[in-house]
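Positions are given from 1, in the same order as the sequence printed here. All ligand and atom numbering here is 1-based and tracks the order in the structure.
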Amino acid sequence: MARIVLKFGGTSVGDTDRIKNVARKVKAEVARGNEVAVVVSAMSGATNQLIKWVNEITPLHDPREYDVVVATGEQVTIGLLAMALQQEGVNSRSWVSWQLPIKTDSAHSKARVIEIDTTEMDKTMSAGEVPIVPGFQGVSPEGRITTLGRGGSDTSAVALAAALKADRCDIYTDVDGVYTTDPRIVEKAQKIDRVTYEEMLEMASLGSKVLQTRSVELAMNHHVRVQVLSSFDEALGSDLPGTLVVDEEEIMAQGLEKSVVSGIAFARDEAKITVTQVSDRPGVAAAIFGPLAEANINVDMIVQNVSLDGSSTDITFTVPKADLARAVQRLEQAKAELHFSEIKSDINVSKVSVIGVGMRSHAGVALKMFETLAAKGINIQVISTSEIKISVLVAAEYTELAVRALHTAYELDAA
Ligand code: ADP
Ligand code: ASP
Ligand code: MG
C-alpha cells in the first residue's frame, strides 16, 4: 500500500462534471489499496475573478483582506469534491487550512509554508477517510488566512506530501507531463519521462508554470517524488504515465542518456529598466540596488555597460512588471545621490532561457543560442547565466519565434 497525495489543478476541477471525474480517479486509487489525501485548486478562472473584484474595490488593498477573498475559491472545490466522493461511496471530508492547521509565515499573498500539522488528519486517514485539503491557503501565526502566491496549490500539495511522508505526490493538470517547452507554444515539444529537481526548478523559475517554483524547491529539500500527469487521461497516477521529477542520481543510475539542453522556458512578466549616465565609480551599483532591495523588489538580470568617457555609464536590469512603477519611483527618490541622466523602462520584453544539467560538461551551448537568435534577426538585450541555464532578454514580439528556433536548434523537436 502506498500513501499518495493527489493534486488537481483549476482546469481539472473547472466544472461539476470535471469534479465528478476527479472523484472517480480518487476512488480508483483508493480501490487499489492506496492511502490517499487530495489537494485541489479553485475552479479555473475563479481566482482571477476574485482578484478582479478586490482590485475593483481598491488596487491598494490590505493584503490580509485580499487573502480572505482570494482563498475562497479553493473552499468551494474542497466541499464539492468531498460530496462527489461521498456520492461515489468513498468516505471523505474537507479540511480548511486553519482546521489542520497549515501554518505559514505572515507574508500575505505570497506566504511560505512553515509546518503542516497532520495529527488529526492522519487518524482519519488510518480509519479510511479521504481528506480533501484546499491548495493555496494557509494560516499565519496571527491566525489570519494567507495565500501562497499564484499557482500555490502545487506547493500546498508537495508540503502536505512531505508532512504525511507520502510515497508520491501526483500533480494532475491539463497536460500529460512536463515537456521540453510549453506544448501550447511549440507543437513539436516532447514529453520528458524523468526530469531532475534542479532542471525543473530552473524551468519553473524561468517561466514554465506547470509547477510553482516553490513546490519544486520543497520537493527537492524533502525528497518528495513528484509526478506531473493529466486528469483528462484514463491512466492512473500509480501506473506512472506522467513525468517524474527525481534526483539526478536516479537518472544516472538508470543509465538514461541526458541531452545537453533539456528544456526551453520563457517568461513575459519582467520589465527592463535602464538608468543612463550614472557615474562610473565604486558603490554606484549598491546605491542603485539598495533602495530596490529595501522595497522588496527582486532584481533579476543585470548588465552594466562600458563607460564611454570614463566617468559615466548606463546600467540595465529587469524587475517584475508588477513592481515596475514602484522601482522607478524609488530610483527617482534616490536621484540626488545617484546623479543619473534618466530612467528608461520597457515592458515589451520577454526572457527566453535554455536549461540543462548537461551544460556543466559541454562547451558551445551559449554560442549556439546566440547564433540561432542572430540567424532569425532577434536582438539580445541582456544576458544572464548560471551553471545550468542561459537566459536572454528579447523584444516580446519575438518570444514564440525565439522559443521555436531554439527548440529546433537544440534538437528537441519531436520527430
Ligand atoms: P493547473 O491549473 O493544473 O495548475 P497550470 O495552468 O498552472 O495548470 O499549468 C499547466 C500549464 O503549464 C499547461 O497547460 C502548459 O500550457 C503550461 N506549461 C508551460 N511550460 C510547460 C512545460 N514545459 N511542460 C508542460 N506544460 C507547460
Ligand atoms: N487558485 C490559485 C491560482 O489560481 C492557486 C492554484 O491554482 O494553484 O493561482
Ligand atoms: Mg498551476
Side-chain angles (χ1 to χ4, degrees), residues 6-14 18 22 39-52 54 66-67 69-78 97 109-111 113 133-138 146-160 169-193 195 199-216 226-233 242-243 245 261-269 352-356 399-400 403 406-407 412 414:
L6 313 181
K7 179 256 171 176
F8 294 90
T11 342
S12 306
V13 293
R18 288 184 176 177
V22 165
V39 173
V40 284
S41 289
M43 289 183 176
S44 57
T47 309
N48 288 346
Q49 176 62 64
L50 294 166
I51 294 173
K52 188 164 167 275
V54 167
Y66 166 96
D67 278 350
V69 177
V70 303
T72 57
E74 274 72 9
Q75 189 159 330
V76 173
T77 45
I78 54 169
S97 58
S109 83
K110 45 178 179 293
V113 178
V133 178
F136 191 45
Q137 183 187 117
T146 54
T147 62
L148 311 184
R150 296 309 304 269
S153 299
D154 299 329
T155 300
S156 309
V158 173
L160 186 64
C169 180
D170 284 347
I171 306 281
Y172 281 92
T173 180
D174 54 6
V175 283
D176 60 354
V178 176
Y179 279 70
T180 45
T181 192
D182 190 341
R184 297 191 198 284
I185 299 290
V186 179
E187 220 174 86
K188 289 184 172 167
Q190 292 188 62
K191 195 174 117 187
I192 308 172
D193 290 330
V195 65
E199 285 168 317
M200 194 61 237
L201 192 59
E202 290 283 7
M203 284 175 76
S205 71
L206 294 169
S208 307
K209 66 164 188 166
V210 61
L211 287 176
Q212 197 199 33
T213 309
R214 180 81 187 118
S215 73
V216 187
V226 171
Q227 177 179 217
V228 176
L229 72 170
S230 168
S231 66
F232 301 104
D233 287 349
T243 298
V245 189
V261 166
S262 52
I264 318 275
F266 59 91
R268 307 180 209 255
D269 55 2
V352 177
S353 311
V354 301
I355 299 134
T399 314
E400 292 174 13
V403 172
L406 292 169
H407 199 266
L412 296 173

Visitor: With sequence neighbours excluded, give me every side-chain hydrogen bond (donor to acceptor under 3.5 Å, both in side chains) pair touching residues 182-191.
Guide: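 Only D174-R184 qualify under side-chain hydrogen bond (donor to acceptor under 3.5 Å, both in side chains).
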Visitor: Nearest to atom 13 (C) of ligand 1, what protein heavy atom do you find, and at what distance?
Guide: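 Answer, as residue, atom name and distance: D174 OD1, 3.5 Å.
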Visitor: If you take the nearest heavy atom of each of D176, T173, I185, which one is closest to atom 8 (O) of ligand 1?
Guide: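 Looking at heavy atoms only, the winner is T173.
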Visitor: Among protein heavy atoms, which lies nearest atom 7 (O) of ligand 1, and at what distance?
Guide: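 Of every protein heavy atom, K209 O, 3.5 Å lies nearest to atom 7 (O) of ligand 1.
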Visitor: Is it the side chain (CB and beyond), the backbone, both or neither of V175 that lies under 4.0 Å from ligand 1, heavy atoms counted?
Guide: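 For V175, the contact with ligand 1 is made by the side chain alone.
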Visitor: Please state which option from Q137, E74, M43 has its nearest heavy atom closest to atom 1 (N) of ligand 2.
Guide: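 Considering heavy atoms of Q137, E74, M43, the nearest to atom 1 (N) of ligand 2 sits in E74.
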Visitor: Is there a donor-acceptor contact under 3.5 Å from the side chain of S230 to the main chain of F232?
Guide: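 Side chain of S230 to backbone of F232, a donor-acceptor pair under 3.5 Å: yes, one is there.
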Visitor: Determine whether any heavy atom of G135 lies closer than 4.0 Å to an atom of ligand 2.
Guide: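 No, that is not the case, since the closest heavy atom of the residue is not under 4.0 Å from the ligand.
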Visitor: Which residue owns the protein heavy atom closest to atom 4 (O) of ligand 2, what's the atom, and how far is it?
Guide: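 The answer is R150 NH2, 2.9 Å.
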Visitor: For ligand 1, which atoms sit closer than 4.0 Å to a heavy atom of P183?
Guide: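 So the answer, numbered in order with elements, is 24 (N), 25 (C), 26 (N), 27 (C).
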Visitor: Considering the heavy atoms of M203, write down every atom of ligand 1 situated less than 4.0 Å from one of them.
Guide: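 Here the atoms of ligand 1 in question are 23 (N).
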Visitor: Which ligand 1 atoms are under 4.0 Å away from a heavy-atom of V178?
Guide: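 Checking each atom against V178, I get 24 (N).
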Visitor: Is the backbone of I192 close enough, under 3.5 Å, to the side chain of T243 for a donor and an acceptor to pair up by distance?
Guide: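 At least one qualifying donor-acceptor pair exists.
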Visitor: Is there a donor-acceptor pair closer than 3.5 Å between any side-chain N or O of Q227 and the backbone N or O of G242?
Guide: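 Checked: pair present.
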Visitor: Any chance the side chains of D67 and T147 put a donor and an acceptor closer than 3.5 Å?
Guide: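 T147 and D67 do have a side-chain donor-acceptor pair below 3.5 Å.
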Visitor: Can you name the residues that form a side chain to side chain donor-acceptor pair (under 3.5 Å) with T47, not counting sequence neighbours?
Guide: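 Once residues adjacent in sequence are excluded, T47 has no partner under the side chain to side chain donor-acceptor pair (under 3.5 Å) criterion.
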Visitor: Just heavy atoms, cut-off under 4.0 Å: does V228 contact ligand 1 by side chain, backbone, both, or neither?
Guide: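 The answer is neither; V228 stays 4.0 Å or more away.
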Visitor: Give a yes or no on whether the backbone of T213 and the side-chain of S205 come within a donor-acceptor separation of less than 3.5 Å.
Guide: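 Answer holds: no.
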Visitor: Please say whether D154 places an N or O atom under 3.5 Å from an N or O atom belonging to ligand 1.
Guide: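 D154 vs ligand 1: no N/O contact under 3.5 Å.
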Visitor: Just verifying a value: how many Å separate R150 CZ and I51 CD1, rounded to the nearest 0.5 Å?
Guide: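 Reported to 0.5 Å precision, the distance equals 4.0 Å.
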Visitor: Can an N or O of T180 be found at a distance shorter than 3.5 Å from an N or O of ligand 1?
Guide: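 The answer is no, given that T180 and ligand 1 share no N or O pair closer than 3.5 Å.
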Visitor: Mark the output for G9 as yes if a heavy-atom distance to ligand 2 is under 4.0 Å, and as no if none is.
Guide: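 Contact check G9 vs ligand 2: negative.
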Visitor: Counting only N and O atoms by type, is there a donor-acceptor contact under 3.5 Å from the side chain of R214 to the main-chain atoms of G152?
Guide: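 It does not hold such a pair.
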Visitor: Among all protein heavy atoms, pick the one closest to atom 15 (C) of ligand 1 and tell me residue, atom and distance.
Guide: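 Looking at atom 15 (C) of ligand 1, the protein heavy atom closest to it is D182 OD1, 3.4 Å.
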Visitor: Quick one: look up the protein heavy atom nearest atom 7 (O) of ligand 2 and list residue, atom name and how far away it is.
Guide: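 Going atom by atom, the protein heavy atom closest to atom 7 (O) of ligand 2 ends up being S41 OG, 3.0 Å.
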Visitor: Which ligand 1 atoms, with their elements, are less than 4.0 angstrom from a heavy-atom of T181?
Guide: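 Ligand 1 atoms under the 4.0 Å threshold to T181: 22 (C), 23 (N).
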Visitor: Test of understanding: given a 4.0 Å heavy-atom threshold, classify the contact between Q212 and ligand 2 as side chain, backbone, both, or neither.
Guide: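 For Q212, no heavy atom sits under 4.0 Å from ligand 2.
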Visitor: Quick one: nearest non-hydrogen protein atom to atom 6 (C) of ligand 2, plus distance?
Guide: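 Looking only at protein heavy atoms, the one closest to atom 6 (C) of ligand 2 is S153 OG, 3.2 Å.
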Visitor: List every atom of ligand 1 that sits less than 4.0 Å from any heavy atom of Y179, numbering the atoms from 1 in the order shown and giving each element.
Guide: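 Heavy-atom distances to Y179 below 4.0 Å select 22 (C), 23 (N), 24 (N), 25 (C).
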Visitor: So which protein heavy atom does atom 2 (O) of ligand 1 come closest to, and at what separation?
Guide: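 Nearest neighbour among protein heavy atoms for atom 2 (O) of ligand 1, to 0.1 Å: G10 N, 3.1 Å.
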Visitor: May I ask you to decide if S215's main-chain N or O and T155's side chain share a donor-acceptor pair within less than 3.5 Å?
Guide: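 Yes.
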Visitor: Check ligand 1 against K7 and write out every atom of the ligand that is under 4.0 Å from a heavy-atom position of the residue.
Guide: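 Answer, ordered by atom number: 4 (O).
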Visitor: Kindly say whether S153 contributes a backbone atom to a donor-acceptor pair with the side chain of E74 at under 3.5 angstrom?
Guide: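 No, the answer is negative, given that no donor and acceptor are paired below the 3.5 Å cut-off.
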Visitor: Who's closest to atom 25 (C) of ligand 1 heavy-atom-wise, of S208, G151, G177?
Guide: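 Comparing heavy atoms across S208, G151, G177, the nearest one to atom 25 (C) of ligand 1 lies in G177.
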